[in-house]
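Structure, as structure tokens:
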Amino acid sequence: HIKGQLHRRASAVVANSHCHTEWLRTQFPFLDKKLHTVLNGVDLRLFKPRTVTETALPVPLRLLGLGRVAPVKNLSTLARAASICIAEGIDVTVDWVGRTEVQQYRDEVQALIHAAGIGDRWRWLGERADVPSVMLSHDALVLPSWYEGLPNVVCEAFAVGLPVLASAVSDNTWLVGDGERGLTFPPGNPKALAATIASFARLPPSSLLRMSKSARS
């Protein structure tokens, strides 16, 4: 394996997520003492904290998704979960920001949205240059991905004090914590995601404020 041999010659091997570091350790055990994790940074001058007070969430709950439109981002599960929430009386909207990488997949997700009758609750915002401002107008970031490394969007959301609802994959569980800066759910399970959204929507103002402060810190 050429890449493995190049790793063998290196003085140090650096990954930008804990899950990638562990993958390298599994694939190349001889690298154990050479492995280091250096996380990506966030510009705190750009991603400024929002003003948060101890108040209840608005209705509808405003969820923001950020990422390319592709199967790995698992938007189909989010669409199904949003439909379940609305059917069960949890009023929620979803804005998705990001380029369409796989048009066929976007069409499939759009068909789910149309079939569920929630077209007025879902907006495709495309690529945006004002992501920090967009974050400030939402109540939580939602990331239902099948796989991530250490997602920049989660760190950026934390920087503005935005709680995160993320699939329990890769570094997400370590980032979000057990109710510390948001909530996690198993990927690919619309009912579990819907239950997570509902749980978040019902959190008392004190818990929301605590999550926001913990995210920024």
Side-chain angles (χ1 to χ4, degrees), residues 16-17 19-20 40 47 58-88 90-158 160 162-173 175-176 182-198 200-201:
N16 70 344
S17 69
C19 66
H20 191 194
N40 293 343
F47 292 90
V59 177
L61 177 67
R62 303 163 299 182
L63 298 179
L64 174 66
L66 275 164
R68 66 191 190 278
V69 181
V72 70
K73 296 301 181 182
N74 196 21
L75 277 72
S76 55
T77 291
L78 177 57
R80 292 186 174 99
S83 175
I84 293 170
C85 285
I86 292 168
E88 293 181 352
I90 305 296
D91 198 358
V92 61
T93 65
V94 177
D95 288 338
W96 193 273
V97 173
R99 74 180 187 279
T100 297
E101 187 173 272
V102 181
Q103 184 63 49
Q104 181 181 354
Y105 183 67
R106 173 169 164 165
D107 292 342
E108 291 172 3
V109 175
Q110 183 60 42
L112 287 173
I113 293 167
H114 178 75
I118 61 170
D120 60 338
R121 292 290 188 271
W122 186 295
R123 295 193 301 171
W124 301 102
L125 299 185
E127 293 186 86
R128 297 284 293 260
D130 60 341
V131 168
S133 296
V134 173
M135 284 183 170
L136 294 175
S137 63
H138 290 80
D139 304 307
L141 177 78
V142 60
L143 190 71
S145 309
W146 288 109
Y147 176 80
E148 293 284 348
L150 188 142
N152 290 338
V153 293
V154 170
C155 300
E156 291 163 355
F158 285 168
V160 302
L162 195 65
V164 173
L165 311 180
S167 52
V169 300
S170 306
D171 277 13
N172 286 351
T173 303
L175 278 171
V176 174
L183 302 170
T184 60
F185 52 88
N189 187 329
K191 290 184 178 179
L193 175 49
T196 300
I197 294 171
F200 181 75

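Values in this document were obtained by computation on a predicted structure and should not be read as measured data.
- Here the side chains of Val131 and Met135 are in contact, with some heavy-atom distance below 4.5 Å.
- The shortest side-chain heavy-atom distance between Tyr105 and Leu75 falls under the 4.5 Å cut-off.
- Gly149 approaches Ser17 most closely through the heavy-atom pair C-CB, 3.6 Å.
- How far CG of Leu193 is from CG of Leu165: 7.5 Å, rounded to the nearest 0.5 Å.
- If you take CZ on Phe200 and CG on Leu63, they are separated by 8.0 Å, rounding to the nearest 0.5 Å.
- The two residues Ala81 and Pro190 make their nearest non-hydrogen contact at CB-O, 3.5 Å.
- The two atoms that bring Gly182 and Val176 nearest to each other are C-CG1, 3.4 Å, heavy atoms only.
- For the pair Ser167/Asn74, no side-chain contact is recorded, criterion being any heavy-atom separation below 4.5 Å from C-beta on.
- Within the 4.5 Å cutoff, side-chain heavy atoms of Val109 are placed close to those of Trp124.
- Between Thr77 and Pro187 the shortest side-chain heavy-atom distance does not fall below 4.5 Å.
- Under 4.0 Å is where a charged nitrogen must lie from a carboxylate oxygen, and between Lys73 and Glu148 at least one such pair does.
- In terms of the side-chain contact (heavy atoms from CB on, under 4.5 Å) criterion, residue partners of Asn40 (sequence neighbours excluded) are, by chain and number, Asn16, Asn152.
- Partners of Gln103 under the side-chain contact (heavy atoms from CB on, under 4.5 Å) rule, at least two apart in sequence or in another chain, are Thr100, Arg106, Asp107.
- Atoms CD1 and CD1, from Ile84 and Ile90 in turn, are 12.0 Å apart once rounded to the nearest 0.5 Å.
- Residues Leu175 and Pro151 form a side-chain contact, since some pair of their non-hydrogen atoms from C-beta on lies under 4.5 Å apart.
- Here the CG-CG distance, from Leu141 to Leu143, works out to 6.0 Å after rounding to the nearest 0.5 Å.
- Rounding to the nearest 0.5 Å gives a distance of 11.5 Å between CZ of Arg80 and CG of Asn189.
- With rounding to the nearest 0.5 Å, the separation of CG in Leu66 from CG in Asp95 is 10.0 Å.
- Considering only heavy atoms from C-beta on, Arg121 comes within 4.5 Å of Thr93 through its side chain.
- Side-chain contact between Tyr147 and Cys19 is present, with at least one heavy-atom pair separated by less than 4.5 Å.
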